[in-house]
Amino acid sequence: MLKKKIFFLIGPTAIGKTLIAIHLAKKINAEIISCDSMQVYSSMDIVTSQPAYAQRKKVKHHLLGVINPAKEYNVSRYRKDALSICSQLFSKGKIPLFVGGSGLYYSIVIDGLFPAAPEDKLIRAKLYKQLSLKGNRYLYEKLAKIDPLSARRIHPNDSRRIIRSLEVYMKTGMPLSVLQKGRVGLGAGYEIKILALNMDRQALYNKIDQRVSKMFRAGLIKEVSRLLKHKLSRTAKCAIGIRELEGYFNGEYSLKEAKRLIQRNSRHYAKRQLTWFRRDKRIQWIVIKDKETHREVARRIWKKLS
RNA sequence: GCCGAGAUAGCUCAGUGGUAGAGCGCGGCCCUGAAAAGGCCGGCGUGGGGGGUCCGAUUCCCUCUCUCGGCA
């Protein structure tokens with residue numbers, strides 16, 4: 001039985017994934033599945049740097065701008081959505097090409113999620129209340145008692161992860177560290193290739209700074225001020241550019257400062273993305289050379305795949 | 001040209017006669033239902049050049065170079 005092919009093209013923000021992916025998709029008869037926790041949202045085209053419509057016409061893109069920004073979205077929903085698109089593509093004889101920069105998202109598509117412990121708003125609210133009353137040390141010690149393994153891995157200041165682990169335990173009666181062993185990934189029926197783009201760090205940072213400038217020219221301020229007038233989900237609000245401009249709108253600092261913050265936070269983000277990817281030893285790295293065009297990079301990748 | 005102030009980390013600067021810090025920047029890492037989020041770690045240095053005093057100078061003295069003010 002022939003294995004089903006699934007390809008991933010990942011890389012830090014602003015490195016040029018979108019255009020390279022379009023060239024590549026055409027060569028290999030693929031459709032693109034966006035792998036980006038923020039580009040799933042609609043009406044956030046500029047802040048999230050979604051591919052332009054002209055580009056999206058060249059190759060079909062999935063999971064781009066499909067969620068209302070008032071709604072929460074998360075890895076679990078993403079995996080379901082992505083896998084159902086995968087099976088559609090397989091029946092059409094197309095290869096799914098995942099393209100994006102959300103490390104957790106792509107890895108969970110491949111490796112699966114441990115079952116039966118979605119967010120419980122009530123329990124979580126209770127835990128956050130305890131956090132503000134008694135501090136993270138208290139919760140951390142609680143975790144250390146019920147799940148010493150997780151406690152060892154989580155830093156006492158990482159209250160978000162402490163709370164999630166406690167929530168899982170309160171809900172299921174099982175420690176997170178035990179449940180995590182039960183994850184089920186895609187398995188042997190698939191041929192999976194993960195390609196990650198990288199380039200000289202300084203060159204990447206220059207590209208990021210330039211992209212942010214471009215976003216401003218494209219109407220970022222207008223888009224964000226419009227977004228802030230409506231309800232934004234906890235997740236959608238996390239897109240870089242929103243908080244930074246909110247501070248400017250509130251008169252906390254100048255527009256120039258807001259722009260500087262967006263550039264800096266994007267650089268930090270890119271750095272964290274690379275840290276995440278580096279850990280995944282399955283990745284084949286594609287280092288983009290100075291002056292190399294998108295088409296040339298796509299060609300190199302294509303050769304590597306065939 | 002004269003007078004004054006300064007030259008210390010990538011940047012802005014603090015401090016001390018026992019070879020140095022702070023903020024920002026930067027680098028590394030962790031990550032399982034918020035992930036563009038959240039958390040952790042790291043000073044990354046020819047203290048402008050050269051002399052002198054001293055057991056010992058980044059710190060005190062002299063000198064040179066440069067920068068910034070003011071006066072001409």
Side-chain angles (χ1 to χ4, degrees), chain A residues 10-14 17 34-41 44 46-50 67 69 71-81 100-121 123-125 128 131 136 140 147 149-150 152-165 167-168 171-172 174-185 201-202 204-205 208-209 211-212 215 224 232-244 257 260-280:
Chain A
I10 60 180
T13 185
K17 295 184 288 293
S34 166
C35 186
D36 189 299
S37 64
M38 292 299 154
Q39 290 186 2
V40 285
Y41 286 113
M44 292 176 54
I46 300 170
V47 239
T48 64
S49 306
Q50 283 181 31
I67 305 291
K71 296 258 163 62
E72 302 287 342
Y73 197 75
N74 61 44
V75 225
S76 168
R77 287 194 54 190
Y78 177 77
R79 186 168 201 263
K80 268 186 215 122
D81 293 344
S102 296
L104 182 68
Y105 278 28
Y106 93 77
S107 66
I108 283 206
V109 168
I110 299 172
D111 301 318
L113 204 66
F114 68 88
E119 174 182 0
D120 185 311
K121 289 216 150 105
I123 294 178
R124 202 175 281 197
Y128 272 102
L131 175 70
N136 51 7
Y140 184 75
D147 186 358
L149 234 97
S150 291
R152 203 176 314 151
R153 269 190 28 239
I154 299 171
H155 192 277
N157 290 347
D158 199 349
S159 42
R160 201 173 278 191
R161 285 200 170 72
I162 297 171
I163 285 179
R164 167 85 247 230
S165 317
E167 172 192 70
V168 167
K171 194 154 183 177
T172 65
M174 299 267 282
L176 179 72
S177 56
V178 172
L179 288 169
Q180 281 177 348
K181 288 179 188 139
R183 68 200 299 202
V184 180
R201 186 67 64 92
Q202 195 49 55
L204 177 65
Y205 284 178
I208 289 172
D209 290 349
R211 166 183 277 187
V212 172
M215 283 158 64
V224 172
L232 269 185
S233 67
R234 186 181 55 180
T235 30
K237 214 186 287 172
C238 288
I240 295 174
I242 293 180
R243 279 192 298 206
E244 293 85 348
E257 175 65 2
R260 192 190 69 82
L261 289 172
I262 294 172
Q263 289 173 325
R264 186 201 57 189
N265 292 344
S266 300
R267 290 193 299 265
H268 287 350
Y269 169 49
K271 182 172 166 330
R272 263 181 286 129
Q273 286 177 298
L274 287 167
T275 299
W276 179 289
F277 301 150
R278 248 180 251 133
R279 197 173 50 142
D280 190 340

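Quick note on labels: first sequence line is chain A, next is B, and so on, each numbered from 1.
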Considering only atom [atom1], compute the distance from [N] to [M] and round it to an integer number of Å.
N	M	atom1	value
B:rG17	B:rC55	C1'	12 Å
B:rG38	B:rU58	C1'	41 Å
B:rA72	B:rU65	C1'	23 Å
B:rA57	B:rC2	P	32 Å
B:rU12	B:rC26	C1'	15 Å
B:rU8	B:rU46	P	11 Å
B:rG69	B:rC64	P	23 Å
B:rA9	B:rG27	C1'	14 Å

Subject >> Closest approach of A:Glu167 to A:Asp120 (non-hydrogen atoms, all atoms of both residues) >> reply: OE2-N, 3.2 Å

Original post:
Nearest heavy-atom pair of A:Met38 and A:Thr235: which atoms, and what distance?
Top reply: CE-O, 3.2 Å

Which part of the nucleic acid, if any, lies within contact of [X], taking any heavy atom under 4.0 Å across all strands shown: a base, the sugar-phosphate backbone alone, or nothing?
X	answer
A:Gln273	nothing
A:Lys237	nothing
A:Val47	base
A:Ser266	nothing
A:Tyr78	nothing
A:Arg183	base
A:Thr235	sugar-phosphate
A:Asn265	nothing

If only atom types and distance count, is the side chain of [X] paired as donor or acceptor with the main-chain N or O of [Y] below 3.5 Å?
X	Y	result
A:Glu244	A:Gly241	yes
A:Lys17	A:Gly11	yes
A:Asp147	A:Ser177	yes
A:Ser266	A:Ile208	no

Do the side-chain N or O atoms of [X] get closer than 4.0 angstrom to the phosphate oxygens (OP1, OP2) of [N]?
X	N	result
A:Arg124	B:rA34	yes
A:Arg201	B:rG28	yes
A:Arg164	B:rU32	no
A:Lys271	B:rC26	no
A:Arg153	B:rU32	yes
A:Tyr205	B:rG10	no
A:Tyr73	B:rA34	no

If I take atom [atom1] in residue [X] and atom [atom2] in nucleotide [N], what distance separates them, rounded to the nearest angstrom?
X	N	atom1	atom2	answer
A:Gln202	B:rG27	CD	P	8 Å
A:Ile162	B:rA34	CD1	P	16 Å
A:Lys121	B:rA34	NZ	C1'	10 Å
A:Arg260	B:rC24	CZ	P	10 Å
A:Tyr269	B:rA35	OH	C1'	8 Å
A:Asp81	B:rG33	CG	P	17 Å
A:Met44	B:rA34	CE	P	17 Å

Original post:
Taking atom types as modelled and ignoring hydrogens, do the side chains of A:Tyr128 and A:Ser159 form a donor-acceptor contact shorter than 3.5 angstrom?
Top reply: no

Return the pairing partner of [N] with a 3.5 Å limit on both distances, Watson-Crick or G-U wobble; otherwise return none.
N	value
B:rG23	B:rC11
B:rG38	B:rC30
B:rG69	B:rC3
B:rU59	none
B:rG17	none

Subject >> First encountered from the 5' end of RNA chain B, between A:Leu104 and A:Leu261 >> reply: A:Leu261

Subject >> Closest-nucleotide 5' rank along RNA chain B - winner of A:Leu274 and A:Glu167 >> reply: A:Leu274

**OP:** Please confirm whether any donor atom in the side chain of A:Tyr128 sits under 3.5 Å from an acceptor in the base of B:rA34, or the reverse.
**Re:** yes

For the side chain of [X], starting at C-beta, report the closest nucleotide among [options].
X	options	result
A:Phe114	B:rG33, B:rA35, B:rG25	B:rG33
A:Leu113	B:rG27, B:rC26, B:rU32	B:rU32
A:Gln180	B:rG33, B:rA37, B:rU32	B:rU32
A:Arg267	B:rG28, B:rC26, B:rA34	B:rC26

Subject >> Candidates A:Arg260, A:Arg267, A:Arg264 - the one meeting side chain to side chain contact (heavy atoms under 4.5 Å, CB included) with A:Asp209 >> reply: A:Arg267

Original post:
Between A:Tyr73 and A:Tyr78, what is the ring plane arrangement, given parallel below 30°, perpendicular above 60°, and tilted in between?
Top reply: perpendicular

Subject >> Euclidean distance, A:Ile10 CD1 relative to A:Trp276 CH2, rounded to 0.5 Å >> reply: 10.5 Å

**OP:** From the options A:Arg234, A:Lys121, A:Arg77, select the one residue that forms a salt bridge (charged side-chain N to carboxylate O under 4.0 Å, His left out) with A:Glu72.
**Re:** A:Arg234

**OP:** For each nucleotide in nucleotides 38-44 of chain B, reading 5' to 3', give B when a protein heavy atom comes within less than 4.0 Å of its base, S when such contact involves only the sugar-phosphate, and - otherwise.
**Re:** BSS----

